[in-house]
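Along the sequence shown, residues carry numbers from 1.
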Amino acid sequence: MNNKLIDKIEQLKQQRRAVILAHNYQPGEIQDLADFGGDSLGLSIKAAETDADVIVFCGVQFMAETAAILSPQKTVLLPDKHAGCPLADMITAEQLRQLKQQHPDALVVCYVNSSAEVKAESDYCCTSANAVEVVESLPPDRKIIFVPDQHLGRFVVEKTGRDLVLWPGYCHVHVVITEEDIKNAKAEYPDAVVMVHPECTEPVKELSDQILSTGQMLKCAARSTAKRFIVGTEVGIIHALKRQSPDKEFFPATERAICPNMKLMTLEKIAWALEDMQYKVTVPQDIRIRAQKALDRMVEIKSKK
Ligand code: 13P
Ligand code: SF4
């Protein structure tokens with residue numbers, strides 16, 4: 001059954017001149033089908049670089065929106081229109097405008113997990129892979145507002161020593177990973193390297209060996225001489241890690257860390273997306289141009305590395 005569906009998707013992909021991008025949290029069969037997998041930063045760059053006419057984005061709304069901002073001439077499809085990110089919805093453009101009024105001299109850095117409208121109100125965008133570099137690149141005498149994830153924000157404060165104005169947003173998937181989970185996993189696998197995402201809470205991060213974006217976790221696992229890893233992020237990454245390093249073992253810190261929005265994607269929905277060219281993700285021109293500035297600045301900083 002799946003083989004037939006996969007053949008159908010491949011045929012539709014050629015017909016539409018499409019590429020399929022899949023985030024590291026996607027269901028395994030979608031990761032396997034995708035032309036490119038990756039973290040938010042890697043996928044944004046792929047979306048901007050591809051010469052395909054159509055991008056099928058297997059991820060969540062803000063990721064597809066980012067692709068639409070960076071590549072306005074391409075058609076970006078999100079196979080399930082309900083795949084949102086509750087963290088991104090934790091701050092509105094109006095709330096950010098009010099915060100900016102309270103700190104009129106501040107520069108605004110927004111995490112890519114945010115709406116296009118919030119990006120348009122920001123000076124710089126960042127992902128979990130480059131938040132530290134983005135903040136480090138800013139003039140040391142400027143105040144910085146960082147939205148919406150407080151935990152990524154605190155990680156940046158810790159790494160840069162800069163005093164950021166934080167917004168109290170959080171990812172409901174990462175905050176379910178507890179200190180207890182990490183301690184139990186370490187007791188069971190004492191030789192394992194503990195990798196956690198910066199969206200985790202501070203006590204969890206303190207117990208880890210490495211604080212990394214999902215793309216960085218893949219690189220770390222490939223380069224490390226260690227054979228076992230405890231992984232504190234959404235469980236979908238385990239598939240990507242095992243596929244890349246079949247000789248190593250990966251243990252989720254907890255099986256409870258599941259992002260329901262990421263799991264809305266199915267092979268059927270990808271086929272329907274390509275058949276009916278749905279659901280198109282577009283960003284109004286005035287917002288797009290302002291949001292693109294924040295994203296372009298981020299990509300420039302990354303490319304210096
Ligand atoms: P990455 O950019 O590290 O893949 O993270 C995206 C995300 O949504 C984390 O919850
Ligand atoms: Fe958003 Fe959290 Fe899901 Fe990432 S894991 S997409 S931050 S809800």
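Judged by distance alone, with hydrogens and angles left aside, the side-chain atoms of Lys248 form a donor-acceptor pair with the main-chain N or O of Ser224 at under 3.5 Å. The backbone N or O of Glu121 lies less than 3.5 Å from no partner atom in the side chain of Arg97, so there is not a single donor-acceptor pair. In this structure a side-chain-to-backbone donor-acceptor pair under 3.5 Å is missing from Arg256 to Ile177.
Taking each heavy atom of Pro252 and Ile238 in turn, the nearest pair found is N-CD1, 3.8 Å.
Residue Phe250 places its CZ atom among more than 12 non-hydrogen atoms of other residues, nucleotides or ligands, all under 6.0 Å distant. Residue Lys293 places its NZ atom among 12 or fewer non-hydrogen atoms of other residues, nucleotides or ligands, all under 6.0 Å distant.
In this structure, Lys143 does not pair ionically with Asp105, as no charged nitrogen and carboxylate oxygen lie closer than 4.0 Å. Checked for salt-bridge contact, Asp35 and Lys46 miss the test: no charged N lies under 4.0 Å from a carboxylate O. The pair Glu275-Lys8 counts as a salt bridge, with a side-chain nitrogen and a carboxylate oxygen less than 4.0 angstrom apart. A salt bridge does not link Glu180 to Lys183: none of the charged side-chain nitrogens sits closer than 4.0 Å to a carboxylate oxygen.
Rounding to the nearest 0.5 Å gives a distance of 8.0 Å between SG of Cys259 and OH of Tyr25.
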Original post:
For Glu10 and Lys13, what are the C-alpha separation, side-chain angles and deciding distance, and is it a salt bridge (Lys or Arg N to Asp or Glu O under 4.0 Å)?
Top reply: CA-CA 5 Å; Glu10 290 298 338; Lys13 238 176 63 182; 3.3 Å; yes
